[in-house]
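The structure appears right after this line, and notes come after that.
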Amino acid sequence: MHSPKSIIRVKRPNSPLSPPPTPQQRQSSTTVHKKAISKKPRKILQNPQPVPIADVKWKPLNINKSELYLPLTFPTGQTFRWRKTGPLQYTGPIGPHLVSLRQLEDDGVWYCCHFTDNEDNARIDLFDFLNMGISLDEIWSEFRACDQRFTELALHLEGARVLRQDPLECLFQFICSSNNNIPRITKMVDFISSKGDFLGNVEGHDFFEFPSLEKLALLSENELREAGFGYRAKYIVRTVAALQSKPEGGVEWLLSLRKLDLQEAINCLSTLQGVGPKVAACVALFALDQHHAIPVDTHVWQVATRLIPELAGTRLTPKTCKRVTDAFVTKYGKYAGWAQNLLFISELPSQKSLLPASLWNTDEKVSVKLQTKGHAKMKKEEN
DNA sequence: AGGGGACCTCTGC
DNA sequence: GCAGAGGTCCCC
């Protein structure tokens, strides 16, 4: 009995394909989910029925480009749940809300809710998700003071912000990311997401609320493997079970990690299957307010092994990972993760067009290999 | 404690 | 073919 989910299509007859972003032209076409159709009717009876927003209104956020530039915040590997739905426009779920953001050249960022049960809450949740409690202007000026290269990069990569994501969905996204590429990660995250409540369709993209732990528990390893998760299928199933076994509740347990020290939070996350130093750092930085967490990917590791000679020839372990994190924190301070995020973005091939060639990191992988793996080999041969 | 190797799958050289 | 992808686990 696979009846298609009930959808109310709200289309304005003359509306263009992409939602009009200008203040003069605020209404858009969108698709709204009729939430009354649910597998849990009793819940609907208990709660006031969400009011789908037929006429999507664009509202200003009053955030400058220096504080938030969407193309350097959304498609840069922090989240795999948002989609580009127009020029300088991105759409994605925030809790139970479906939101679009649009950058206007000289008028900051605007947003609209395609679906929500409460517009006031949506705006509050949006500011929280955008991590607006932290001023990029302030922390970047400190990075500039201590790093000439950061200063030069920042000139071209203004507004690269770190989001404050929901810990549960951030965790499963990054478990999917291990030893993986972005298109495939996105596909896997989409599969998991599709188990949550449908929120709407914008520009041909379906969006879902991230599934609850109870819904995630319905996923079997076989189903995940067939969906192309490979060996990560086991990680997902086991991590769901581990979270469900927490006395205070898995979601609450994850949220409680926001109050811990970075190392404690990393240690707790690392008890979960599929969570090593890299994934733990990503979740810590992108969801747990651990602003000095440093996701040590292969590139950071290669740079670090040259900066810290003792690390050359060793492997990325929790211990050596901490060495790298400490080095970054010593250099950049308590928001080191935000600094590293910009350095990471500057290395993305997709963002290189924003940088003058003089700022391209000319380190060829070959030469890095000679100095790291080659070094390791030489050391080994010496013995 | 730390190194070796396997692991799903897909893309690019 | 085979490394590499924003790694992690298991074993020795």
Side-chain angles (χ1 to χ4, degrees), chain A residues 72-80 160 162-163 165 170-192 221-239 242 266-267 269-287 293-305 310-325 328 337 340-352 361 364-366 368-370 372-383:
Chain A
L72 290 174
T73 301
F74 284 92
T76 53
Q78 289 188 65
T79 172
F80 304 93
V162 171
L163 298 169
Q165 301 182 54
C170 189
L171 171 64
F172 285 98
Q173 289 189 77
F174 283 95
I175 288 177
C176 292
S177 78
S178 75
N179 198 12
N180 210 346
N181 55 68
I182 288 173
R184 190 170 165 224
I185 298 167
T186 305
K187 193 181 151 200
M188 289 160 61
V189 170
D190 277 351
F191 180 82
I192 294 179
E221 184 178 339
N222 268 348
E223 180 182 4
L224 290 166
R225 279 200 173 261
E226 283 169 16
F229 280 64
Y231 58 81
R232 300 166 201 82
K234 191 164 54 184
Y235 298 162
I236 305 282
V237 171
R238 290 189 183 177
T239 291
I266 298 267
N267 291 344
L269 288 170
S270 301
T271 63
L272 302 169
Q273 287 283 311
V275 181
K278 167 70 193 318
V279 172
C282 285
V283 177
L285 177 62
F286 299 142
I294 307 292
V296 182
D297 58 34
T298 47
H299 179 262
V300 171
W301 179 245
Q302 285 169 347
V303 173
T305 51
E310 305 96 275
L311 291 181
T314 67
R315 291 164 19 126
L316 182 52
T317 62
K319 201 174 180 180
T320 55
C321 190
K322 189 179 182 314
R323 289 285 310 269
V324 177
T325 298
F328 269 81
Q340 199 284 317
N341 184 53
L342 181 83
L343 301 181
F344 171 73
I345 289 171
S346 74
E347 300 291 339
L348 293 175
S350 55
Q351 309 298 343
K352 271 212 163 135
N361 192 338
E364 290 304 322
K365 289 188 176 178
V366 178
V368 172
K369 272 184 186 171
L370 284 175
T372 56
K373 291 187 179 176
H375 188 194
K377 203 170 190 177
M378 284 172 64
K379 265 193 166 178
K380 198 175 175 183
E381 284 164 1
E382 283 171 11
N383 296 341

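Note that the coordinates shown come from a computational prediction; the quantities given were computed from them, not determined experimentally. By convention in this document, chain letters (A, B, ...) are assigned in the order of the sequence lines, proteins followed by strands, and residues within each chain are numbered from 1. Quick note: numbers below take in every heavy atom, side chains included, and nothing from hydrogens, waters or symmetry partners.
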With sequence neighbours excluded, residues passing side-chain hydrogen bond (donor to acceptor under 3.5 Å, both in side chains) with [X]:
X: Q78(A); answer: none
X: T239(A); answer: none
X: T317(A); answer: T320(A)
X: D190(A); answer: R83(A)

With sequence neighbours left out, write down each residue that passes side chain to side chain contact (heavy atoms under 4.5 Å, CB included) with [X], or none if nothing qualifies.
X: A242(A); result: L272(A)
X: R323(A); result: I308(A), E310(A), L311(A)
X: A304(A); result: V324(A)
X: K322(A); result: Q263(A), D326(A)

Close approaches to DNA chain C from residues 270-285 of chain A, in residue order (heavy atom, under 4.0 Å):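 Residues of residues 270-285 of chain A under 4.0 Å from DNA chain C: L272(A), Q273(A), G274(A), V275(A), G276(A), P277(A), K278(A), V279(A), C282(A).
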
R238(A), nearest nucleotide to its side chain (from dG4(B), dG6(C), dC10(C)):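 Output: dC10(C).
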
Any residue meeting ring-ring contact (aromatic ring centres under 6.0 Å, His included) with F172(A), in chain and number order, not counting sequence neighbours: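 Partners of F172(A) under the ring-ring contact (aromatic ring centres under 6.0 Å, His included) test: none.
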
Spacing between W301(A) atom CH2 and dT8(C) atom C1', to the nearest angstrom: 15 Å

Stems formed with participation of DNA chain B [Watson-Crick or G-U wobble, under 3.5 Å, three or more pairs]: B:2-7 with C:7-12, B:9-13 with C:1-5

Letter per nucleotide, 5' to 3', of nucleotides 6-13 of chain B [B base touched, S only sugar-phosphate touched, - untouched; heavy atoms, 4.0 Å]: -BBB----

